[in-house]
Amino acid sequence: MRECFEIRDLDAGGRIGELSVPRADVTVETPALLPVINPNLDTISPRRLADEFGAEILITNSYIIHGDDDLRERALTDGLHDMLEFPGAIMTDSGSFQLSEYGEITVTTEEILEFQHEIGSDIATPVDIPTPPDVSREQAERELETTQERLEIAEGADTGEMLVSAPVQGSTYPDLREQAGRHAERTDLDVFPVGAVVPLMNDYRYDDVVDVVAAAKRGLGADAPVHLFGAGHPMMFALAVAMGCDLFDSAAYALYARDDRYLTVRGTRALEDIDYFPCSCAICTAHSPDDLRALPDDERESELAAHNLHVTFAEIRRIKQAIRAGNLMELVEQRARAHPTMLDGYRTLLDHAAQLERSDPVSKGSFFYTSHESARRPEVVRHHDRLERLSVPDSLLLTEGDAPRGDEYDDSWRVEPPFGPFPRALSKSYPLTAEVPDRTDRAALAAAADGVARLVDVNPDADITLAHDGWPASVLERVPDDVALVDLTAS
Ligand SMILES: [Zn+2]
């Protein structure tokens, strides 16, 4: 277990954790949002972020501070906390972003780490190389090597109590991301940003984001605190948390406000297109869209930024509550409906169901089957794995109907889509207590048929009969030939 991070609650790959930040003497509850503060222009003051929005941590850019004579002097003299007037934890970025945008920067990892330490940063960042998506394998490998050298330099630096992050790069090569995660995990660094995903998010490539995070997580292991660097849109937080991300940073709240854009958990809207606000934050209840449009530019920007932050923090709270209640996957399913590319992200998340299953609690409150994607959730994967360990009598009836009278079979198990067969004694245990719609879908039936197939596979000598409620032929094809079939709807 990493000393600075403790996991409290789990749901799918998501977790509520505590990140101890010793230099700030605070504990940050994760998933956490780090609002990005541009030291040159704060749309919402850090003090207000703490008091009004409950921000426990923020992020600012040490490279910008380092490069500005006035800011540098103030930061060195007063320290970051006094300069920004922020009581929580302060993370600093290193200029890697500027490196990726402008091709070069003027500091080394040693210099910028020392500077971050001198100005009182609580979590510092070395200068890694944010390799963009889709580059050649050679470039991705070469730049990853440089990033890894920088992490080793950071490991050797005298950073005292300051935590130091270890960015995980590797472009869109899952094996490189995984290897980068493993390397970062072996250092004694503390927080693990998955880097260079902004270009993917800007192109709505949420499926690729999920693959990249899943690969990094495989390398990092379960107990590493993971930061999805540059992810600030609340629409995708639930998906990213379910994948196992703990920290997010948002510049979006301010950048979007500057362009008159209004954030919602279902996407971004142009203020000019809104007739009614779908939000009950202080801004949206005090103003109509017309009122807001009529405000002077700077006031409108500040009010929009405040709304954007409210909706962003609210989503983080909603996600934490969903983890506590054990229904994070249902929240992800809802969010996936906001945009076809989010649905791609969710479907890709389900490709990693076996990976999520490892951290998913064995028992939770309820399993709601709310879309055909539910048939691929980690709980279904787990049940299918479990079927291999159940002992089966010589002759067994699997039925969607009632238990048979008489002694034609040694035993009869229930069959419930999407899980498939299970002994009646398990009927009251999670997830077999699932709420499933009466008008079931093909995906649920197919998953149930796969469950039957799994059971037959490991018990080739058992005599198995399946009594089903009129499953279509295309579903029954998934059931092995030696299973006797009874159609309960045929009589
Ligand atoms: Zn609002």
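Just follow the structure's listing: the first ligand is 1, and inside any ligand the first atom is 1. Values below: every heavy atom of this structure, side chains too, minus hydrogens, waters and symmetry copies.
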Less than 6.0 angstrom separating the ring centers of F367 and F419, yes or no? yes

Using ring-ring contact (aromatic ring centres under 6.0 Å, His included) as the criterion, list what pairs up with Y369, not counting sequence neighbours. none

Pairing residues for D275 by the salt bridge (Lys or Arg N to Asp or Glu O under 4.0 Å) criterion, not counting sequence neighbours: none

Classify the ring geometry between Y256 and H233 as parallel (under 30°), tilted (30 to 60°) or perpendicular (over 60°). perpendicular

Judged by atom type as modelled, is there a donor-acceptor pair below 3.5 Å linking the side chain of R150 to the main-chain atoms of V127? yes

Closer than 2.8 Å to the Zn ion (ligand 1): how many protein N, O or S atoms are there? 4

Salt bridge (Lys or Arg N to Asp or Glu O under 4.0 Å) against R182, all qualifying residues, sequence neighbours excluded: E178

